[in-house]
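What follows is a set of notes on a single structure, which appears directly below.
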Amino acid sequence: MKQHIANLIQQAIDTLKASGDFDTELVANIQIDNTRDKQHGDLACNVALTLAKAARRNPRDIAQLICAHLPASDAVTKTEIAGPGFINFFISQDATQAIIGKVLEQAEKFGRNNSGAGHKVQVEFVSANPTGPLHVGHGRGAAYGASVSNLLAAAGYDVQREYYVNDAGRQMNILAASVWLRYLQQAGETIVFPSNGYQGDYVNDIAQQLHTQAGDRLKHAATTVMAGLHTDAPEGDKEKHIDDLIERAQSLLGDQDYRLVFDAGLDSIRDDIKHDLHGFGVDYENWFSERSLDQDDQINRAIAKLQQQGHVYEDKGALWFRSTAFGDDKDRVVKRDNGQTTYFASDIAYHLNKFERGMDTVINVWGADHHGYITRVKAALEALGIDPARLVVKLVQFAILYRGEERVQMSTRSGSFVTLRELREEVGKDASRFFYVTRKAEQHMDFDLELAKSESKDNPVYYIQYAHARICTLIRKLAEKDMAWDADIGLAQLDKLSQAAEIDLMQQIELYPEVIANAAKNHEPHQVAHYLKDLAANFHTYYNAHRMVIEDMQLRNARMCLCMAARQVMANGLELLGVDAPEQM
RNA sequence: GCGCCCUUAGCUCAGUUGGAUAGAGCAACGGCUUUCUAAGCCGUGGGUCGAGGGUUCGAAUCCUUCAGGGCGUGCCA
């Protein structure tokens, strides 16, 4: 409809140019807005105001001219010039009612578009270290990333969802050592657990399973294990202590058995994360292993590639990437003086790999604490000859957790955290996913667990689901009374839908495609959440004001067509947010 | 110190990319059901859009200064 109106205005302007009323050089940026107040019609255009300066004329005069030259249209019943020079359009009921047939015909495809056709985009999100279960802090990134992915798919993009598994590096070695020490405890050794190890119960569970599988084969005497280590905190250095333990584990177990312990932790936690996310309605096309980069020597290749371009130099025994040449504050080490590559080097290789896999655009959903990282990663891409604009980083602010007044601290290491699984069990998948995604990502968010639980009945997601379920109930009621809904009869009688509540609902439905397009374009799933609340409100108002299960067959079917169109849009929208659309509540 | 993000009703948040009288939900108050789900509907009250200055026909939105809050600023991952 907006496009139709814009065309009418463009034609009017062209006519005026031809007749010499407007300068032919005049370029009009025609923007059609939905009106806030129905007294201003249904759609409004501010083109007269934007043209006023260039045309050196009073905007109301310009509006007058445009209105006088608008081609006739069945969809428009009236135009008005209002305020400083807005042109307001009143849309005919026929044109509005047509949306119902469109929705019913396109069904689950309604609202989709092809703006991203032929474009490959990867969305990488969550990517939490596999050193422990996901906690509620990860939930927001999961909900956001999944919804953005769905939106992009709805806009026609070829979307790949990816989880980057940090299965290399020191944190994972600390986990392996933690697992092994717990294993030793279960094998009967007396071990003082390191303060810097992973304390969570899940480590015990993994160790127990390892013990069941491997028996005492991986056992060494506590005295041998602990001999000659740096002392732990508080007297000693907890970092040195844990590093010594890792080294001890590696030397006592040998490569193969150490890998066994390491993988026991990694596999168990990765699978747990996978299951957890699946239960949260989040599934990935690809789980990318950081370690695979190293195995394929991709890290060294990436460094070599930077080196060829002359962006790497040596200083104090280390290799540095000259990121300052690309806007970074300081240069960054890619290979340490001990010969080990840095995490950043892995990241360079990883991002290079993404683009080598043929992605046109890569979207990274990162926690807000990683923002300092954006510049250097983009710098690396530019240095490698890849347009940094093809990497889009979406920062998701942390949810600050409260239990009533009390702030809940989150730490994987100490084992004191609320897991995503607990949240799902306490609050429910639908409510938590909706809650996360209702706030826009860059907005700080307070998440009160008590409130989320206690108010779960007042949670807006139920309001929408309830609207959906109510319509499903109507269908059941009609079937019971042998008055089954007949779409064709209803579609032929749409002109009977002229109540204010009906018009409002139809107009709201008509907005859906542009909401989806806009939300996809801007990566803002919260727009969908807010839209659905408004749609549900329109429906509830209608439902309370008018009855659908009535004797009048024509009116009944017409109203049911409208209800079914509303139901379809709610189902489509909820699907994008990963929320179920229940048939009864 | 420097950099990024944020500040809108008592609380939690929207605000269609610069448009008309700034909106929802929760909380408060008053109404609605012998009839399709009251997890609903209708109504009332509630604002210096953090503060000042600027840009223009027009600013919550753009620029600037300041205040407050969050995060970052490793040869950690």
Side-chain angles (χ1 to χ4, degrees), chain A residues 31 33-37 39-40 44 46 49-50 52-53 58-59 82-86 88 129 131 166 168-174 239 290 315-320 329-330 332-338 340-344 346-347 367-375 395 397-398 400 435 438-448 451 455-467 469-478 480-481 501 511 514-515 518-519 521-522 524 526-527 529-531 533-534 536-537 539-550 563 584-585:
Chain A
Q31 188 188 334
D33 294 309
N34 303 306
T35 55
R36 210 188 313 245
D37 185 340
Q39 287 188 350
H40 298 139
N46 64 355
L49 286 94
T50 60
K53 186 174 270 184
N58 182 317
F86 292 103
N88 295 333
N129 284 347
T131 53
N166 296 116
R170 181 162 173 265
Q171 294 306 320
M172 286 307 294
N173 284 320
I174 294 177
E239 302 292 348
E290 178 187 358
D315 186 39
K316 294 179 219 145
L319 280 184
W320 298 71
D329 296 336
K330 51 175 290 196
R332 309 289 172 178
V333 171
V334 288
K335 190 175 270 187
R336 296 200 280 266
D337 54 8
N338 65 7
Q340 282 187 341
T341 53
T342 59
Y343 180 80
F344 177 49
S346 300
D347 246 2
D369 56 335
H370 280 68
H371 71 76
Y373 229 70
I374 300 173
T375 314
L395 292 179
Q397 292 291 332
F398 290 123
I400 302 166
F435 185 86
T438 306
R439 275 77 167 153
K440 63 179 175 204
E442 61 267 34
Q443 180 68 259
H444 296 267
M445 172 167 117
D446 288 344
F447 198 136
D448 185 338
L451 206 66
E455 288 198 346
S456 64
K457 283 199 168 171
D458 298 323
N459 192 306
V461 73
Y462 296 110
Y463 183 79
I464 300 163
Q465 290 182 318
Y466 187 50
R470 270 182 152 178
I471 298 169
C472 294
T473 300
L474 287 175
I475 293 292
R476 286 195 299 273
K477 286 284 170 191
L478 287 174
E480 282 169 21
K481 298 194 174 188
L511 292 179
E514 68 182 89
V515 170
N518 210 28
K521 183 176 147 221
N522 297 316
E524 292 184 341
H526 76 275
Q527 288 191 27
H530 287 278
Y531 167 83
K533 270 201 294 195
D534 291 342
F539 171 74
H540 285 308
T541 297
Y542 178 41
Y543 182 90
N544 275 274
H546 303 285
R547 303 190 57 76
M548 290 82 196
V549 182
I550 48 176
C563 289
Q584 49 186 312
M585 291 175 73

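Throughout, a chain's letter reflects where its sequence line sits, starting with A, and its residues are numbered from 1.
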Does a nitrogen or oxygen in the side chain of [X] sit under 4.0 Å from OP1 or OP2 of [N]?
X: Tyr463(A); N: C41(B); answer: yes
X: Thr541(A); N: G40(B); answer: no
X: His540(A); N: C42(B); answer: no
X: Gln31(A); N: U17(B); answer: yes

Whole-Å distance between [N] [atom2] and [X] [atom1]?
X: Asn34(A); N: G15(B); atom1: CG; atom2: P; value: 15 Å
X: Glu239(A); N: G74(B); atom1: CD; atom2: P; value: 16 Å
X: Leu395(A); N: G70(B); atom1: CG; atom2: C1'; value: 13 Å
X: Glu524(A); N: G15(B); atom1: CD; atom2: C1'; value: 11 Å
X: Arg439(A); N: G25(B); atom1: CZ; atom2: P; value: 14 Å
X: Gln527(A); N: U16(B); atom1: CD; atom2: C1'; value: 7 Å

For the pair Phe539(A) and Tyr542(A), name the ring-plane relationship: parallel under 30°, tilted 30 to 60°, perpendicular over 60°. perpendicular
Secondary-structure notation, RNA chain B, from Watson-Crick and G-U pairs under 3.5 angstrom (| other strand): (((((((..((((.....[...)))).(((((.......))))).....(((((..]....))))))))))))....
Mind checking what makes side-chain contact (heavy atoms from CB on, under 4.5 Å) contact with [X], not counting sequence neighbours?
X: Thr541(A); result: none
X: Ile475(A); result: Trp485(A), Met560(A), Met564(A)
X: Asn129(A); result: Thr131(A), Asn166(A), Gln171(A)
X: Asn58(A); result: Arg60(A), Asp61(A)

Sequence neighbours excluded, which residues qualify as side-chain hydrogen bond (donor to acceptor under 3.5 Å, both in side chains) partners of [X]?
X: Arg547(A); value: none
X: Gln584(A); value: none
X: Lys533(A); value: none
X: Tyr373(A); value: none

Assess, by modelled atom type and distance only, whether the side chains of Arg476(A) and Thr473(A) contain a donor and an acceptor separated by less than 3.5 Å. yes
Quick one: classify the glycosidic conformation of U34(B) as syn or anti, with syn meaning within 90° of 0. anti
Inter-nucleotide C1' distance (A27(B), G46(B)), Å rounded: 11 Å
Counting the atoms with a prime plus P, OP1 and OP2 as sugar-phosphate, which does Asn173(A) contact under 4.0 Å by heavy atoms, base, sugar-phosphate, or nothing? nothing
Which part of the nucleic acid, if any, lies within contact of Glu480(A), taking any heavy atom under 4.0 Å across all strands shown: a base, the sugar-phosphate backbone alone, or nothing? nothing
Of the listed nucleotides (G72(B), A39(B), A20(B)), which one gets closest to any side-chain atom of Thr35(A)? A20(B)
Would you indicate which nucleotide in C4(B), C13(B), C42(B) comes nearest to any side-chain atom of His530(A)? C13(B)
Below 3.5 Å is the cut-off: list the nitrogen or oxygen pairs between protein and nucleotides 75-77 of chain B, distance only.
unit_1	atom_1	unit_2	atom_2	d
C75(B)	OP2	Lys330(A)	NZ	3.2
C75(B)	O2	Asp337(A)	N	3.1
C75(B)	O2	Asp337(A)	OD1	3.2
C75(B)	N4	Lys316(A)	O	3.2
C76(B)	OP2	Arg336(A)	NH1	3.3
A77(B)	OP1	Arg336(A)	NH1	3.1
A77(B)	OP1	Arg336(A)	NH2	3.1
A77(B)	OP2	Arg336(A)	NH1	3.3
A77(B)	OP2	Tyr343(A)	N	3.4
A77(B)	O3'	Ala168(A)	O	3.2
A77(B)	N6	Tyr373(A)	OH	3.4

How does protein contact run along nucleotides 28-38 of chain B, one letter per nucleotide 5' to 3', with B for base contact, S for sugar-phosphate only, - for none, heavy atoms under 4.0 Å? -------BBBS
Pick one: which of His526(A), Gln397(A), Gln527(A) meets side chain to side chain contact (heavy atoms under 4.5 Å, CB included) with Lys440(A)? His526(A)
Find every protein N or O atom lying less than 3.5 Å from an N or O atom of nucleotides 55-60 of chain B, and list the pairs.
none

